[in-house]
Asks: 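Below is the structure I would like to discuss, written out as structure tokens.
The structure displayed is predicted, hence computed values, not measured ones.
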Amino acid sequence: MAANEDQEMELEALRSIYEGDLCFRELSPVSFQYRIGENGDPKAFLIEVSWPETYPQTAPVISMDAFFNNTISSTVKQSILDKLMVEVEANLGTAMTYTLFEYAKDNKELFMENQPVNTVTSASNSIAIGTPDVPASKKKDKKEQLSKTQKRKLADKTDHKGELPRGWNWVDVIKLSKTGSKDDE
């Protein structure tokens, strides 16, 4: 019963600490993911922490099997897990999910120092640069398509270069005042 109360308190704390943080994700009330590093960073990785029923008296289950981590070598994953388990042993009996996430954020460079960058970088650059550009341009084309009526109205307002004439949105104060003065006379 005490373990469940500790879990409920830690769950509330995690929700309030990471509210609005796009790196944090609550998969269930006892399972959480945190992305260490920015999207597109070749050294970014994802940690998943799950609580067994007797947590925090027993160690949480830490996993790096998420698809996000597919580009990370298995030796680097194991090294990260080993270092996190040392932290788990040091914090056993206390709420440690936040501590584990912060420890991983603070030591990201140390964790990823043996990760080969060249192969991952070239693969991610070709994917990141090549793929998003095509859909983005297609989306822009769809947004820029006008109906025939809209094109006619736009052509009527613009000159031969497609630019609006100078003063197209000015209020014609002189005509209004002349009209008003004629009515007064």
Side-chain angles (χ1 to χ4, degrees), residues 1-140:
M1 193 88 169
N4 288 338
E5 289 173 8
D6 289 341
Q7 287 180 9
E8 287 175 21
M9 288 175 52
E10 186 173 3
L11 179 60
E12 283 182 40
L14 288 172
R15 285 177 176 163
S16 66
I17 290 169
Y18 291 117
E19 182 179 352
D21 188 345
L22 299 177
C23 295
F24 177 77
R25 189 166 156 208
E26 180 181 335
L27 302 175
S28 74
V30 295
S31 185
F32 311 93
Q33 283 184 340
Y34 198 86
R35 185 184 71 236
I36 311 298
E38 297 297 318
N39 262 344
D41 180 2
K43 291 194 174 193
F45 58 94
L46 191 77
I47 298 174
E48 186 172 324
V49 175
S50 300
W51 300 340
E53 285 185 32
T54 54
Y55 171 84
Q57 282 66 36
T58 59
V61 177
I62 303 173
S63 170
M64 291 190 65
D65 294 334
F67 181 77
F68 188 86
N69 296 331
N70 278 357
T71 58
I72 300 172
S73 70
S74 58
T75 55
V76 172
K77 285 182 193 177
Q78 191 56 50
S79 170
I80 293 171
L81 290 173
D82 292 342
K83 291 172 183 169
L84 287 172
M85 287 312 292
V86 170
E87 276 299 301
V88 167
E89 294 300 321
N91 291 301
L92 205 56
T94 62
M96 69 181 91
T97 306
Y98 171 78
T99 307
L100 293 173
F101 290 154
E102 291 302 308
Y103 175 75
K105 281 177 18 182
D106 294 342
N107 295 295
K108 175 187 163 227
E109 293 302 319
L110 177 70
F111 287 174
M112 298 300 284
E113 67 185 358
N114 294 327
Q115 174 66 20
V117 178
N118 294 341
T119 56
V120 175
T121 304
S122 62
S124 66
N125 280 349
S126 65
I127 292 170
I129 293 171
T131 309
D133 286 347
V134 174
S137 64
K138 286 183 181 176
K139 288 180 185 176
K140 286 181 183 175

Asks: Which of parallel (below 30°), tilted (30 to 60°) and perpendicular (above 60°) describes Tyr18 and Tyr98?
Replies: tilted
Asks: Check the pair Ile80, Met112 against side-chain contact (heavy atoms from CB on, under 4.5 Å), reporting the backbone distance first and the verdict last.
Replies: CA-CA 8 Å; Ile80 293 171; Met112 298 300 284; 3.9 Å; yes
Asks: Enter the distance from Leu11:CG to Glu26:CD here, rounded to the nearest 0.5 Å.
Replies: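 So the gap between those two atoms works out to 5.0 Å.
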Asks: Testing Leu81, Ile62, Val49 one by one against Val88 for a side chain to side chain contact (heavy atoms under 4.5 Å, CB included), which residue passes?
Replies: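 With Val88 as partner, side chain to side chain contact (heavy atoms under 4.5 Å, CB included) holds for just one option, Ile62.
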Asks: For Met9, is the CE atom crowded, meaning more than 12 foreign heavy atoms sit under 6.0 Å from it?
Replies: no
Asks: Taking the side chain as every heavy atom from C-beta outward, state whether Leu27 and Gln33 have any pair of such atoms under 4.5 Å apart.
Replies: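 The answer is yes; the side chains approach within 4.5 Å.
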Asks: Hey, could you give me the CG/CD1 distance between Asp41 and Ile36, rounded to the nearest 0.5 Å?
Replies: 11.0 Å
Asks: With rounding to the nearest 0.5 angstrom, report the CZ to CG distance, Phe45 to Asn70.
Replies: 15.0 Å
Asks: Before accepting this row, confirm whether a basic side-chain N of the pair Lys105/Glu102 lies closer than 4.0 Å to the acidic partner's carboxylate O.
Replies: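 Glu102 and Lys105: salt-bridged.
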Asks: Distance check, rounded to the nearest 0.5 Å: Phe32 atom CZ versus Glu10 atom CD?
Replies: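 The distance works out to 7.0 Å.
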Asks: Compare all side-chain heavy atoms of Lys83 with those of Asn107 and state whether any distance is below 4.5 angstrom.
Replies: no
Asks: Do Val30 and Tyr55 have side chains that approach each other closer than 4.5 Å (heavy atoms only, starting at C-beta)?
Replies: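 Result no, sub-4.5 Å side-chain heavy-atom pair not found.
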Asks: How long is the gap from CH2 on Trp51 to CD on Gln7, to the nearest 0.5 Å?
Replies: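 Interatomic distance, Trp51 CH2 to Gln7 CD, rounded to 0.5 Å: 6.0 Å.
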Asks: Would you sort out whether Ile17 and Phe24 count as a side-chain contact (heavy atoms from CB on, under 4.5 Å), showing the intermediate values?
Replies: CA-CA 10 Å; Ile17 290 169; Phe24 177 77; over 6 Å; no
Asks: I need the Gln57 CD to Thr94 OG1 distance, nearest 0.5 Å.
Replies: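 If we round to the nearest 0.5 Å, Gln57:CD and Thr94:OG1 are 9.5 Å apart.
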Asks: With no hydrogens and no angle check, just 3.5 Å: does a side-chain donor-acceptor pair link Asp82 and Gln78?
Replies: yes
